[in-house]
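In what follows, a structure is listed as structure tokens, so that the remarks can point back to it.
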Amino acid sequence: MPVKQEIGIVISNQMAKTIVVKIENRYPHPIYSKTLIKTKKYLAHDELSECNIGDKVLVEECRPLSKRKRWKLLKILSKSSLIN
């Protein structure tokens, strides 16, 4: 079975070795054709605690690491200029 990979934006990094990633899914409305945005938040494992808020990251689905954490950080695609 293929492993899911998603690109998202870090919205919180206050927990130890854990980040919260926001993933947006854009799709057209079936009748009205307006583009709708569905947003999901996932907890992801960040072993080195290297992510900051606003970073664009690639996360991958993995085995359950805790009650809600089922994703792990693969790499940081772009660093945020919000936090220095």
Side-chain angles (χ1 to χ4, degrees):
M1 189 162 102
V3 178
K4 292 182 190 174
Q5 292 184 347
E6 297 283 345
I7 295 173
I9 296 177
V10 177
I11 57 174
S12 174
N13 64 346
Q14 294 181 356
M15 296 171 275
K17 295 187 178 183
T18 304
I19 56 175
V20 180
V21 180
K22 174 180 75 170
I23 297 174
E24 291 184 348
N25 181 22
R26 295 174 183 260
Y27 63 97
H29 188 278
I31 297 173
Y32 302 115
S33 299
K34 178 181 177 177
T35 301
L36 301 174
I37 301 172
K38 188 170 283 196
T39 303
K40 293 280 292 188
K41 291 194 301 186
Y42 295 107
L43 296 182
H45 184 66
D46 181 10
E47 183 64 38
L48 304 176
S49 298
E50 56 191 350
C51 288
N52 289 320
I53 297 173
D55 290 352
K56 194 172 192 179
V57 295
L58 178 66
V59 291
E60 178 181 70
E61 196 173 31
C62 65
R63 66 182 177 83
L65 300 170
S66 68
K67 182 179 178 181
R68 292 185 54 216
K69 194 166 27 167
R70 277 131 175 82
W71 295 79
K72 64 181 176 181
L73 175 71
L74 277 186
K75 64 180 174 181
I76 300 173
L77 301 176
S78 64
K79 293 294 261 183
S80 173
S81 61
L82 299 175
I83 298 176
N84 295 328

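This is a predicted model, so every value here is computed, not measured.
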Distance only, no hydrogens: is a donor on one side chain within 3.5 Å (strictly under) of an acceptor on the other, for H45 and K69?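 Note: H45 and K69 side chains meet the donor-acceptor criterion.
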Pairwise distance [atom1]([X]) to [atom2]([Y]) - rounded to 0.5 angstrom:
X   : Y   : atom1 : atom2 : value
L74 : E60 : CG    : CD    : 4.5 Å
K75 : Q5  : NZ    : CD    : 8.5 Å
E24 : T39 : CD    : OG1   : 4.5 Å
E6  : L58 : CD    : CG    : 9.0 Å
H29 : L36 : NE2   : CG    : 6.0 Å
Y42 : I19 : OH    : CD1   : 14.0 Å

Grab the two heavy atoms, one from N52 and one from K79, that are nearest each other, plus how far apart they are.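 Heavy atoms only, the tightest pair is ND2-NZ, 4.2 Å.
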Taking every non-hydrogen atom, the tightest pair across W71 and K4: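 Answer, listing the atom of W71 first, then K4: CZ3-O, 3.9 Å.
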Min side-chain heavy-atom separation L48-K17 under 4.5 Å: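 L48 vs K17: side chains apart.
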Check: N25 and I23 side chains under 4.5 Å, non-hydrogen atoms: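 I23 does not reach N25 side chain to side chain.
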Side-chain heavy atoms nearer than 4.5 Å, only ILVMFWY residues, links allowed to pass through others: does that put [X] and [Y] together?
X   : Y   : answer
L43 : I76 : no
V57 : I11 : no
V59 : I9  : no

Keeping D55 on the side-chain end and S80 on the backbone end, is there a donor-acceptor pair under 3.5 Å?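 Flag set: sc D55 to bb S80 pair under 3.5 Å.
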Please check: side-chain N/O of N13 versus main-chain N/O of C51, any donor-acceptor pairing under 3.5 Å?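 Side chain of N13 to backbone of C51, a donor-acceptor pair under 3.5 Å: yes, one is there.
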Heavy-atom neighbours of Y27 OH exceed 12 at 6.0 Å: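 Count over threshold, so yes.
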